[in-house]
Amino acid sequence: MHQYDLISCHDCGVLYRKRPLRPREKARCSRCRSVLYRAASGRGASAGLDKVLALTLAAALAFLIAQFFPIVELDVNGLTSSATLLGSIRVLWYEQMQVVASMVFLSTIVFPAVELASLLYVALGLRSGVKVPGFNRVLRAVQIAREWGMTEVLMIGILITVVKMSSLATVLPQPGLFAFGALTLLLAIVVSFDPKALWNLGDDLTPQAQPGIACQGFAQSAKVVPCHACALVAPPLHKGKGKRLACVRCGSPLHVRKPNSISRTWALLIAAMILYIPANLLPVMVTHSLLGAQNDTIMSGVVLFWSSGSKGLAIIIFIASVVVPMLKLGVLALLAFTAQRRSRWRPRQRTILYRMVEFIGRWSMLDIFVVTLTVALVRFNSLAVITAGPGALAFGAVVVLTMLAAMQFDPRLIWDAVDEQVPGEEEPVMMKNAANNTVIGEPHG
């Protein structure tokens with residue numbers, strides 16, 4: 001069996017043998033319905049690399065324009081104010097909101113830049129037939145950057161800010177606005193490309209003997225540990241003084257299950273629950289005008305949009321800033337509790353809930369991005385100045401903590417209780433074809 005023929009389901013741990021797919025097809029796990037892999041686009045590996053290079057270069061150009069050109073400009077009775085993303089972050093920093101400024105800087109500038117630069121570096125090398133130095137570390141950086149980059153959330157925040165400001169002043173679009181729109185579309189296409197495929201291309205440039213893979217069944221019961229960095233399923237190497245397991249290809253640390261997954265999830269979750277209270281009670285923005293100071297919480301902002309006729313935006317902000325955080329806290333608590341109790345209750349539905357939490361986690365940052373841009377734009381010293389309030393710090397911390405809690409939770413724990421055989425039962429362990437979910441090979445006990 002070729003080393004790339006096996007694939008392990010990220011969410012439940014079942015092993016499958018890969019099979020070719022037709023265009024636009026995708027293989028799903030027959031047990032938890034997670035997407036295992038999609039059909040490769042283009043005509044061959046070189047065509048796929050050409051597409052990645054072209055899209056990444058275009059995205060990098062749009063990224064540079066978006067960073068250095070103003071996003072919008074406000075005009076109030078001849079007084080003008082404009083803001084770039086970097087300028088908005090600088091305003092937050094000088095207003096003693098360094099933590100919030102760092103969150104915005106990392107999620108909207110650093111991580112997208114790392115992803116684009118890393119993809120360009122690796123893809124250019126592979127296109128030239130070279131496995132570049134630091135190949136494994138750079139590809140792992142791409143995956144981490146994708147988890148924390150939030151360009152699409154920022155774009156929605158920009159649009160909400162534009163609508164919000166249009167009721168107070170004349171809003172003039174600037175080149176940065178269109179650049180962010182293009183960047184969002186291009187990154188959406190780039191993200192659809194799985195960087196794990198680049199590891200296979202890199203191995204093809206440096207062929208070497210790989211350990212034999214002759215295993216069937218679930219990854220936990222077989223003597224293999226799947227690597228979630230490069231997706232290789234192979235017997236691991238023992239590395240370091242404590243005999244830690246490491247991937248034979250990329251060197252990433254391997255674990256049959258994430259260490260202390262449930263306890264770490266609970267710790268992060270409880271901290272997020274505590275901070276969720278001041279995040280909703282304390283003001284996220286403070287407006288200083290000729291009429292005095294006005295404090296705005298998350299809910300007061302929702303009410304303001306609703307009463308001013310922008311009911312659609314009010315619903316979006318309410319869902320992203322109120323419903324989504326509460327949903328994440330509740331779902332993660334349910335998942336941690338049931339996994340800790342080794343419950344067999346509806347494992348597939350709980351896995352779907354986990355994937356949903358992973359997907360929606362970043363969208364709660366929407367309110368933080370709106371605050372960032374609003375604070376930078378409303379700087380009319382003679383009329384009004386808006387500053388960020390302590391609620392923004394607490395709310396940003398809630399978003400980060402819930403995202404970390406979701407990352408620490410190991411969804412395979414949901415299925416561990418299901419996989420445990422009840423005395424007297426014979427549950428065969430088998431390997432399946434990932435393309436059509438038919439069993440291949442003989443089951444073994």
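Just so you know, these numbers use all the heavy atoms, side chains as well, and skip hydrogens, waters and symmetry mates.
Although no hydrogens or angles enter the test, the distance criterion places no donor-acceptor pair under 3.5 Å between the side chain of S118 and the main chain of A141. Under a 3.5 Å cut-off, the side chain of S321 and the backbone N or O of F318 do not form any donor-acceptor pair. Not a single donor-acceptor pair under 3.5 Å links the side chain of R257 to the backbone N or O of D410. Between the side chain of S300 and the main chain of T297, a donor-acceptor pair closer than 3.5 Å is present.
Shortest non-hydrogen contact noted between Q408 and K258 is O-CD, 3.5 Å. Contact detail for K328 and T402: the closest heavy-atom pair is NZ-OG1, 2.8 Å. Of all heavy-atom pairs between V52 and T56, the closest is O-OG1, 2.6 Å. Nearest heavy atoms, A59 versus L116: CB-CD2, 3.7 Å. In this structure, A417 and R342 approach most closely via the heavy-atom pair CB-O, 3.2 Å. Closest heavy-atom contact between V375 and A388: CG2-N, 3.7 Å.
Inter-residue side-chain proximity for L335 and R350 is flagged as met; some heavy-atom pair is nearer than 4.5 Å. The shortest distance between side-chain heavy atoms of F69 and Q174 does not fall below 4.5 Å. For the pair L57 and L61, the minimum side-chain heavy-atom distance is 4.5 Å or more. Residues L377 and V72 are in side-chain contact: their nearest non-hydrogen atoms beyond the backbone lie under 4.5 Å apart. The closest side-chain heavy-atom distance from F395 to D367 is below 4.5 Å. Counting heavy atoms from C-beta on, the side chains of C9 and C32 come closer than 4.5 Å.
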Which donor-acceptor pairs under 3.5 Å do the side chains of residues 85-93 make with protein atoms, sequence neighbours left out?
unit_1, atom_1, unit_2, atom_2, d
S88, OG, T84, O, 2.8

Could you pull out every donor-acceptor pair under 3.5 Å between side chains of residues 224-236 and any protein atom, sequence neighbours left out?
none

Item to check | Stepwise side-chain hydrogen bond (donor to acceptor under 3.5 Å, both in side chains) test for R355 and S34 | outcome: CA-CA 9 Å; R355 291 200 295 267; S34 297; 2.5 Å; yes
Next on the checklist: Please determine whether side-chain hydrogen bond (donor to acceptor under 3.5 Å, both in side chains) holds for the pair W415 and D11, giving the CA-CA distance in whole Å, both sets of side-chain angles, and the decisive distance to 0.1 Å.
Outcome noted: CA-CA 9 Å; W415 295 92; D11 291 342; over 6 Å; no
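Between E147 and R362, none of the side-chain N atoms (NZ, or NE/NH1/NH2) sits under 4.0 Å from a carboxylate O, so this pair counts as no salt bridge.
More than 12 heavy atoms of other shown residues, nucleotides or ligands fall within 6.0 angstrom of atom CE in M356.
Every pair passing side chain to side chain donor-acceptor pair (under 3.5 Å) that includes a residue from residues 259-284 is listed here, sequence neighbours excluded: W266-Q340.
With hydrogens and angles left out, the side-chain atoms of Y16 and S30 include a donor and acceptor closer than 3.5 Å.
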